[in-house]
Amino acid sequence: MKNPKRYLITAALPYANGLKHIGHLAGAYLPADTYVRYLKAQKRDVVFVCGSDEHGTAIPIQATKEGTTAQAIIDKYHPIIAQNFKDLGIEFDIYHRTSAPIHHETAQEFFKVLNDNGDLEIKASEQYFDEAANSFLADRYIKGTCPNCAYESAYGDQCERCGKTLSPDELINPVSTLSGNKPVKKATQHWYLPLDRHEKFLSDWILKEHANDWRNTVIGQCKSWIDGGLQARAVTRDLDWGIQVPVAGAEGKVLYVWFDAPIGYISATKQWALDNGKDWKPYWQDKETKLVHFIGKDNIVFHCIIFPVMLQLHGDILPDNVPANEFMNLEGDKMSTSRNWKLEMQDYIDDFINKENGGPQLADALRYYLTQIAPETKDSEFTWKGFQDANNSELVNIFGNFVNRAMVLMHKLCNGKVPPIYPELFDALDNEAIKAITSSKEKVETLLEQYKFRDALFEVIDLARTGNQYMQKKEPWILAKQVDENGKIKIEAQRLIDNCMHICLQMTANLAILINPFLPFTAKKICHLLKVVDKMLEWENAGKLKLLSVGYSLRPPELLFRKIEDSEVTYQIEKLHKALEASKTNNEEEKAVAAFVPVKSEIVFDDFAKIDLRVGKILSAEKVEKADKLLKLEVFLGFETRTIVSGIALHFKPEEIVGKQVTVVVNLAARKMRGIESNGMILMAEDANGKLHFVNPEDAIGEGATVN
RNA sequence: CGCGAGAUAGAGCAGCGGUAGCUCGUCGGGCUCAUAACCCGAAGGUCGGAGGUUCGAUCCCUCCUCUCGCAACCA
């Protein structure tokens with residue numbers, strides 16, 4: 001969309017169940033903030049909304065973990081996250097929260113409109129219910145044995161050991177984590193958003209209209225989902241934390257968090273409008289509004305498939321682009337909250353920005369590096385060494401140094417004032433430098449319009465690089481040696497010096513404008529040095545050579561950035577590894593406790609007697625094709641030989657176990673695994689390290705012997 | 001299994017039919033106004049592997065390997 005009347009920019013709503021790390025920052029908030037600062041410098045009509053996402057099952061789970069209430073959790077994390085953003089210069093027009101009444105009303109109204117128009121479907125189904133807790137169970141609240149790898153503490157949505165996506169129905173021996181009881185199936189009904197009805201719309205809109213202006217990764221993901229066939233998706237759930245479904249007969253049901261969260265963008269806009277005496281409607285309803293969602297790749301389906309369908313049904317505008325970023329790794333490994341391998345915004349703020357030798361310039365240092373390695377086309381990696389290199393050799397040595405030497409030389413050779421210029425004395429070098437200034441505006445602009453932040457930032461640094469080269473070639477410090485008999489610089493030399501310094505100073509002012517969207521604190525600091533007001537930073541001033549008037553006296557030089565020392569880098573890397581170790585120990589302790597605590601519910605002797613255990617001997621073993629963990633075994637039981645498929649391939653090689661005696665459950669119902677029917681189950685004991693051991697008679701005995 | 005994205009000098013990325021470029025790093029030289037810096041030069045890649053199309057492929061096609069990701073009551 002060219003020259004839209006107004007912009008509405010959103011950044012993914014951070015989930016308020018904990019602190020956010022630099023991956024989140026680099027993925028959504030930093031590019032969004034950069035883009036918004038650029039638009040605002042252009043004096044466009046733009047609103048930048050964000051806020052905490054405060055519903056969903058993970059919030060009450062975190063509350064249980066911290067021994068408090070869901071409300072306390074969101075009240076704890078919302079303000080910290082908001083402050084973190086502020087400290088890093090991420091400047092939203094509003095940082096709202098989905099627990100706000102205005103959001104509840106907005107989301108309910110949204111649901112009602114869709115429901116009244118017949119755009120939702122109601123389906124009855126049977127869900128697990130915990131009678132003791134009197135509550136339906138979300139997937140995460142159900143644990144059981146994984147059908148894929150036999151792990152006993154798999155969640156209802158996913159097995160954490162083998163990573164397989166599960167549904168609660170697939171779990172063997174499901175247990176409610178609320179009460180520890182076995183849950184029962186109970187009928188319930190839910191509202192669904194029938195995405196399948198909108199495949200044509202999505203296909204035309206994304207794959208045709210936006211085939212060329214959306215990122216490859218985004219288009220690819222969308223295509224994959226659309227081609228795979230879309231299905232109706234539940235928009236309500238049985239839970240007591242969230243937004244009540246505003247329909248009779250839906251008591252005890254709330255809106256599915258991903259139905260309510262993106263509506264948070266709308267309610268945030270409403271609140272912003274209220275606070276500022278504006279009308280929110282054009283931002284969501286007028287076709288001339290350009291809506292852009294900044295997100296990470298995990299959010300593509302919600303922002304490109306589900307939310308657009310909702311918006312279209314509700315009669316709102318659609319996003320013009322969704323520049324999703326890939327993920328950022330940290331020091332060679334994926335960032336992970338559970339493993340404690342991460343750099344939280346809070347940690348960086350504590351260690352760099354808040355320290356006496358830190359301050360906002362260190363916020364800009366992080367912004368610089370994160371933009372420079374932004375995962376725009378593929379996953380990227382944050383390393384502390386990389387951070388140090390980028391800061392020291394590019395920010396400090398190239399950008400900071402250029403500004404500093406311009407300021408220092410101007411004070412030494414031009415009396416601390418903006419010198420006059422003599423255009424008639426310009427040579428090729430001067431003209432090239434001027435051209436570099438005027439052309440970089442357009443370069444940066446074009447790249448920013450295409451959401452290529454990494455490349456745009458490079459162009460800015462490149463202008464500083466050009467400035468350094470220009471100064472080196474002109475050598476004003478050499479010209480200054482041409483003095484008359486009184487020791488005064490000769491007038492011809494002084495004129496050449498004046499030209500050079502004048503151009504360098506105008507370039508410095510231009511650098512401030514161009515760097516402003518990326519490094520706002522630095523831009524302000526340059527304005528301070530040049531004794532100009534922030535108004536100079538308006539984008540239309542970029543490319544101009546008359547930003548500083550001749551004769552204007554400037555402040556003494558001050559360094560823009562400081563170097564990052566080796567010791568700081570080593571300290572951070574050590575800290576990272578220590579945190580990892582600490583969390584490992586924690587997890588092990590938790591695991592150890594977990595391994596002993598869940599004693600299954602009591603059974604009577606008759607229950608036990610139902611199980612027929614026999615001693616068997618493994619005759620042969622072979623790997624099951626296309627399954628990492630399965631071995632196909634032929635087991636001799638005295639009275640017959642059976643095929644048993646067992647998930648032990650990661651622990652034993654087939655040839656190692658042939659001839660071994662094992663204990664087998666022989667009256668277990670047959671079950672197909674990878675197409676092979678398994679008739680029985682081998683008993684295994686698992687040690688603290690997760691390694692499996694056979695349970696077998698101490699001495700070899702006859703096959704078929706019973707075990708009691 | 002399948003699908004999507006990626007695999008190019010030590011690192012990070014461009015290129016997308018005519019025998020590889022950029023930034024940082026490394027090495028050498030020059031210079032000195034500047035945060036032991038700046039400027040110039042050099043070394044370093046058989047463009048993940050194997051086939052194919054083509055006069056010619058990093059770029060197109062096929063197969064393979066590896067990395068990351070993949071909703072459906074998962075934020």
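Quick note on labels: first sequence line is chain A, next is B, and so on, each numbered from 1.
For residues 297-309 of chain A, the set of pairs meeting the salt bridge (Lys or Arg N to Asp or Glu O under 4.0 Å) definition, not counting sequence neighbours, comprises A/Lys297-A/Glu326, A/Lys297-A/Asp379.
B/G17 and B/G25 have their C1' atoms separated by 33 Å, with the value rounded to a whole Å. Straight-line distance between the P atoms of B/G48 and B/C40: roughly 31 Å, to the nearest whole Å. Of the C1' atoms belonging to B/C33 and B/A20, the separation is 38 Å, rounded to the nearest Å. Comparing the P positions of B/A7 and B/U58 gives an interatomic distance of 15 Å, to the nearest angstrom. Taking atom C1' in both B/U19 and B/U62, the straight-line distance is 24 Å, to the nearest Å. With C1' as the reference atom, B/A72 and B/U8 are 38 Å apart, rounded to whole Å.
For the pair A/Gln450 CD and B/A14 C1', the interatomic distance rounds to 14 Å; values are reported in whole Å. Rounded to whole Å, atom C1' of B/C68 lies 13 Å from atom CG of A/Asp298. Spacing between atom CZ of A/Phe382 and atom P of B/C24 amounts to 20 Å, rounded to whole angstrom units. Going from atom CD1 of A/Ile206 over to atom P of B/G4 covers 16 Å, rounded to whole Å. Remark: P of B/G69 and CE of A/Met335 are 13 Å apart, rounded to the nearest angstrom. A/Lys563 places its NZ atom 11 Å from the C1' atom of B/A34, with the value rounded to the nearest Å. Taking atom CZ on A/Arg562 and atom P on B/A36, their separation rounds to 15 Å, with Å as the unit. Atom C1' of nucleotide B/C38 and atom CG of A/Asn392 are separated by 16 Å, given to the nearest angstrom.
Electrostatic pairing of A/Glu121 and A/Arg197 counts as a salt bridge here, judged by a charged N lying under 4.0 Å from a carboxylate O.
Within 4.0 Å of A/Thr57, counting heavy atoms only, lie sugar-phosphate atoms of the nucleic acid but no base atom. Using a 4.0 Å heavy-atom distance criterion, A/Ile478 is classed as a sugar-phosphate-only contact. A/Ala261 comes within contact range of no nucleotide atom at all, as no heavy-atom separation falls under 4.0 Å.
RNA chain B lies under 4.0 Å from at least one heavy atom of each of the following residues of residues 13-25 of chain A: A/Tyr15.
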Response to the item:
RNA chain B in dot-bracket form (Watson-Crick or G-U pairs under 3.5 Å, [ ] crossing, | inter-strand) is .((((((..((((.......)))).(((((.......))))).....(((((.......))))))))))).....

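For the salt bridge (Lys or Arg N to Asp or Glu O under 4.0 Å) test, residues two or more places apart in sequence or in another chain that qualify with A/Lys342 are A/Glu344.
Of the residues A/Tyr265, A/Phe302, A/Tyr451, the one that meets the ring-ring contact (aromatic ring centres under 6.0 Å, His included) test with A/His293 is A/Tyr265.
No N or O donor and acceptor, one from the side chain of A/Asn397 and one from the base of B/A37, sit under 3.5 Å apart.
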Report, one pair per line, the protein and nucleotides 6-13 of chain B atoms (nitrogen or oxygen only) whose separation is under 3.5 Å.
| unit_1 | atom_1 | unit_2 | atom_2 | d |
| --- | --- | --- | --- | --- |
| B/C13 | O3' | A/Arg454 | NH2 | 2.9 |

Dump the pairs, protein N or O against N or O of nucleotides 39-45 of chain B, anything under 3.5 Å, distances to one decimal.
none

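Nearest nucleotide to the side chain of A/Gln221, out of B/A34, B/G69, B/A72: B/G69. Side chain of A/Ser224, nearest nucleotide from B/C24, B/U32, B/G4: B/G4.
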